[in-house]
Amino acid sequence: MQRTIRIQLQPDIETAKALSQTIEQYTWSFNAVCKHGWEHDLANGVELHKATYYDHRAVTGLASQLVCAARVKATEALKSARSLKKKGKTVSCPTSKCCPIRYDARSYTVWFDRCEVSILSINRRVKLPFEIAQYYRQYLNWKNTSADLLKDRRGRWWLHIVMEIETPETMATDEVVGVDLGIASPAVDSKGSKYGSDHWKEIEDRTFELRRRLQFYWHEKRQTTLEKAVWSPETFQKRL
């Protein structure tokens, strides 16, 4: 069983510059592998590695783990495009403007007890403090696996860490349980147990109200436009 937690990194100016350079070169490597695979009709990871690895190490200056990670992501994108093409979909060569960097156990280390992470950049490993939401703390005792580093449109840096734990075993049973999807509670079973959060109701009410206002706004706007079109002198003269 897996869950992904989202933590916000807090790099200083120098570290943020190094991360930007790293993600720029990583994106270039990803796009170059995709282009090579697309032009040569390749989606095999071994063949793409042989064709691009050494050149990309020399051009980008990225560490071996990051070059291999970019190639793996490109291979996945090429296989996905090929699969869609077989289904008759219109596809083109996969590209990315800012490809998230995938890290593994050899390229990043996280310490949740002191809210610090060490990740591999273009020059060296850098240590970064981070903030974690209270909701995600329930997963901190799980095993962390891979992670993706990305930068959003507001310039904030985020690390998405995949947490993993063994799926609990379930016993087969002949027992039948009824579930009622209600209004006051999202779901209630025949044993009286309630499921879901009361906060969901607030979100549903707010969404309904926003949808109602939007529908009313467009109705009024269409009605006003229709009245202007019918009663304007220009429209009357054209009809004459």
Side-chain angles (χ1 to χ4, degrees), residues 2 4-86 89-110 117-128 130 144-164:
Q2 293 182 337
T4 300
I5 65 174
R6 186 169 180 254
I7 62 176
Q8 183 176 359
L9 305 180
Q10 299 174 328
D12 55 29
I13 297 177
E14 182 180 353
T15 305
K17 183 178 180 180
L19 294 179
S20 297
Q21 294 174 347
T22 305
I23 206 167
E24 180 181 350
Q25 296 302 318
Y26 187 91
T27 301
W28 180 90
S29 181
F30 170 84
N31 289 332
V33 174
C34 287
K35 182 179 179 181
H36 180 86
W38 189 262
E39 292 177 348
H40 296 82
D41 194 25
L42 286 176
N44 181 275
V46 176
E47 296 299 326
L48 289 172
H49 177 84
K50 292 178 180 178
T52 61
Y53 174 76
Y54 292 104
D55 290 340
H56 287 205
R57 283 294 309 278
V59 172
T60 63
L62 294 173
S64 175
Q65 294 94 327
L66 298 186
V67 172
C68 291
R71 188 258 306 158
V72 171
K73 293 195 76 170
T75 302
E76 293 172 355
L78 288 168
K79 288 181 178 179
S80 177
R82 177 178 288 185
S83 177
L84 292 174
K85 187 176 181 180
K86 289 181 179 179
K89 304 291 184 179
T90 301
V91 295
S92 58
C93 178
T95 57
S96 175
K97 293 182 179 179
C98 188
C99 184
I101 301 176
R102 180 179 298 172
Y103 289 96
D104 58 21
R106 295 171 296 179
S107 52
Y108 93 104
T109 306
V110 60
V117 62
S118 171
I119 58 178
L120 190 62
S121 70
I122 196 169
N123 296 322
R124 66 191 191 286
R125 271 183 173 262
V126 294
K127 288 186 177 181
L128 299 160
F130 63 80
N144 60 291
T145 56
S146 63
D148 279 10
L149 174 71
L150 57 93
K151 183 180 181 181
D152 64 16
R153 295 181 179 179
R154 296 172 60 182
R156 298 174 300 181
W157 291 94
W158 299 89
L159 192 66
H160 293 185
I161 304 177
V162 179
M163 309 296 291
E164 188 176 59

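The residues of the chain are indexed from 1 along the displayed sequence.
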Rounded to the nearest 0.5 Å, how far does [atom2] of [Y] lie from [atom1] of [X]?
X	Y	atom1	atom2	value
Ile7	Leu159	CD1	CG	4.5 Å
Thr75	Phe30	OG1	CZ	9.5 Å
Thr60	Gln21	OG1	CD	12.0 Å
Leu9	Lys151	CG	NZ	12.5 Å
Leu19	Ile122	CG	CD1	11.0 Å

Counterpart residues, side-chain contact (heavy atoms from CB on, under 4.5 Å), relative to [X] (two or more places apart):
X	answer
Arg154	Asp152, Arg156
Tyr53	His49, Arg57, Ser64, Val67, Cys68
Ala32	Trp28, His56

Report task. Check for a donor-acceptor pair, side chain of Thr4 on one end and backbone N or O of Val162 on the other, with a separation under 3.5 Å. Result -> no

**Report entry** Gln25 backbone acceptor or donor facing Ser29 side chain under 3.5 Å
**Finding:** no

Of all residues at least two apart in sequence or in a different chain, which pass the side-chain hydrogen bond (donor to acceptor under 3.5 Å, both in side chains) check with [X]?
X	result
Gln2	Glu164
Gln10	Glu131
Ser118	Arg125
Asn144	Tyr108

Query raised in the report: Which atom pair, heavy atoms only, marks the closest approach of Trp157 to Ala16?
Result: CZ2-O, 3.9 Å

Report task. Just do the side chain to side chain contact (heavy atoms under 4.5 Å, CB included) check on Val46 and Leu48 with the steps written out, would you? Result -> CA-CA 5 Å; Val46 176; Leu48 289 172; over 6 Å; no

Query raised in the report: Just one of Val33, Leu78, Asp148 clears the side-chain contact (heavy atoms from CB on, under 4.5 Å) bar with Lys73, so which one?
Result: Asp148

**Report entry** With sequence neighbours excluded, residues passing ring pair (Phe, Tyr, Trp, His ring centres under 6.0 Å) with His160
**Finding:** none

Report task. Scan for salt bridge (Lys or Arg N to Asp or Glu O under 4.0 Å) pairs involving residues 6-28, sequence neighbours excluded, and state none if there are none. Result -> none

**Report entry** Any pair counted as salt bridge (Lys or Arg N to Asp or Glu O under 4.0 Å), so long as it reaches residues 33-53, sequence neighbours left out
**Finding:** Asp41-Arg82

Run the side-chain donor-acceptor check on residues 96-105: report pairs under 3.5 Å with partners two or more places apart or on a different chain.
unit_1 : atom_1 : unit_2 : atom_2 : d
Ser96  : OG     : Cys98  : N      : 3.3
Ser96  : OG     : Cys99  : N      : 3.2
Arg102 : NH1    : Glu76  : OE2    : 3.2
Arg102 : NH2    : Glu76  : OE1    : 3.2
Tyr103 : OH     : Leu120 : O      : 2.8
Asp104 : OD1    : Arg106 : N      : 3.0
Asp104 : OD1    : Ser107 : N      : 3.2
Asp104 : OD1    : Ser107 : OG     : 3.1
Asp104 : OD2    : Arg106 : NH2    : 3.3

